[in-house]
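Keep in mind that the numbers below use all heavy atoms, side chains included, and drop hydrogens, waters and symmetry copies. Ligands are counted one by one from 1 in listed order, and the atoms in each one are counted from 1 as well.
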Amino acid sequence: MSSQDKKNTLETSAGLGRRRFINSAALAGLSLGAVACTDKPSSAAAPAASGAAPGHTGASANATHLKPGELDTYYGLWSGGHTGDMRVLGLPSGREIHRIPCFVPDALVGWGITNESKKVMGTKADGSLKYTVADTHHTHASYKDGNYDGRYAWINDKINSRIARIRLDYFICDKITELPNVQGFHGIFPDKADPVDPKINYTTRVFCGGEFATPLPNNIGSDDGSTYHSLFTCVDAESMEVRWQVMIDGNCDLTATSYDGKLAATNQYNTEMGVKYEDMMSSERDACLFFHVARIEEAVKAGKFKTIGDSKVPVVDGTHAANKDAKTALTAYVSVPKNPHGVNASPDGKYFICAGKLSPTGTVIELAKVLDYFDGKLDSADKAVVADVELGLGPLHTAFDGRGNAYTTLFLDSQVVKWNVEAAIKFHAGDKSAKYVVDRLDVQYQPGHLNASQSETRAADGKYLAVGCKFSKDRFLPVGPLHPENEQLIDISGDKMVLLADHPVRGEPHDFIIFKRELVSPKQVYNLDDFPNAIKDPKDSGVFRKGNKVEVKMTSQAPAFSLRDFKVKKGDIVTLTLTNLDKIEDLTHGFAIPKHNVNFIVNPQETASVTFVADKPGVYWCYCTHFCHALHLEMRSRMIVEA
Ligand code: RUQ
Ligand code: CUA
Ligand code: CA
């Protein structure tokens, strides 16, 4: 970094020069070359109540420092990015408490090694894992009455179009579904109620947006992009089976759902349906695409669908051509400025907000008006837009405080802008005295997602805002070329935002949610009966042979395994099952077998199994890999493989 660059990035009072530098660096480095904005300072582009010298730090009523032994008041669920897991943080401290492996093997718990986890992850015919890479972006949790109900969370894998479900009682992944007919599964959001049955005031569906269009079915290797399509997918929250898909024009990016269950939406940056970068930015406008959930399900019930290739999933037609009559339309395309990014639902249930990305604007869409359009009471879906206001450069995602304010990340400006939604609507309607920008805060640097405590619930509490800064540059000790990302915590309880803390994170989490700790009731000991293969009594331990298939049954009770040794023969296909009979909280045991690529843990009252070939005669010291007892090192067993 040149000294001039350093001076620019280190400058604390964000003047014009610094912002100009960041913008041009971002524009060049990130190839947002066709950005619709100029490099004029965003404070000139939008009325700013707080002037053009943002950046508040210092003491705050909401301290992040907890004394030893003090517990956090919020949980944060963070997508883990390429580690394919979900990270669990405590807030406001920012301490990482747990990682929940989903899509990628994990050597601590034996995820992708035990038979039970392999079954969840999916295997090929030879028993090996179908996939070992992932790219998780978005995580959201199940709702009841407009707030999180502590049942489930979901997370996406963009690379292989998979959705994983996390049980929030044990904080484990229990199901993974691979979506048919789509690539680049990106946006994900559970519904918050049933569109038809008012008794179902909780999540029963999860919506998934497919970002990359492909030929359908994708089996001919065609380069004719005009035949490609993207699909919007509905997954059943309980069974995790795919219920239906909608074939659309354009693509799906992020996803949002309404509180009444009637509408789901996705922002579309590629209404051009371009297959090349230049083509995706050729149009000045793109869309926020709305789905009428009840009509889609009626169409499916009435058999008005097709299936694609080998998939049995009903696919309805959501293209422009098939949805011209609003009164029967399954979809409505609301025009928004060029290449929008996040779409977020305000906690009052009234609006979806699309961030402009290549346009310096936020677009507010009123949901009652979208429903009016579907009822034939509005002649154009575009009339549902009630505000389209300048916010700054590179708006990406929006969070809420429950007091009428929205907080939007400005990627290019490296800021969070706080703005008042009703004031923006007034401004848009012609009241140029309406000051909708309330505050701006510099963040370090280039923020992507942000979310506030309880933000996308009816119980948005306006206390904390976390911001996922994609670049950390000079904020941490240098560790070579690969920088961590910088998760920043901001106090939003007052009029001015106050930066509280920086936390380095390994790349690269995207999205996250933050909710009150009392909304989940985690269990710390399993139920023995939940495992059909549990060995309930140490006396049932032993080696059981059928030809060359051998079952080894074992239990653990600190500090010993029930079998001090066990014998198998060269070439045996061994399935070893281990039940942890310890009942005490925090008494986990591990089990590793040298030279056989086996390591896994069993939590209190848990059962897990592994299958491997004992292909080399010898003595192998199996040992406990999880510190459990003063005699942890003595906790071993010998596997004797006879020639
Ligand atoms: S996207 S930085 Cu994958 Cu969530 Cu917006
Ligand atoms: Cu059992 Cu360490
Ligand atoms: Ca576009």
The angle formed at the Ca ion (ligand 3) by O of Y269 and OD1 of D286 is about (to 10 degrees) 70°
Closest non-hydrogen atoms of A355 and L396, given as atom of the first, atom of the second and distance, are CB-O, 3.3 Å
Is the positively charged end of R636 above the ring of W621, judged by distance under 6.0 angstrom from the centroid and angle within 45° of the axis? yes
May I ask you to list the atoms of ligand 1 that are less than 4.0 angstrom from any heavy atom of H137? 3 (Cu)
Kindly give the heavy-atom pair with the smallest separation between I248 and T319, and that separation in Å. C-CG2, 4.0 Å
Of the N, O or S atoms in H186, the one nearest atom 3 (Cu) of ligand 1: NE2
Where atom 4 (Cu) of ligand 1 is the vertex, angle from H138 NE2 to H449 NE2 to 10°: 100°
Shortest non-hydrogen contact from P337 toward T363: CD-OG1, 3.4 Å
Residue M280, metal the Ca ion (ligand 3), N/O/S under 3.0 Å: yes
Considering only NZ, NE, NH1 and NH2 on the basic side and carboxylate oxygens on the acidic side, decide whether K158 and D135 come within less than 4.0 Å. no
Does this structure show an ion pair linking E178 with R162, if we count only N-O contacts that are shorter than 4.0 Å? no
From H341, does some N, O or S atom reach closer than 2.8 Å to atom 4 (Cu) of ligand 1? no
Tell me, please, if H397 has any N/O/S atom, main chain or side chain, under 2.8 Å from atom 4 (Cu) of ligand 1? no
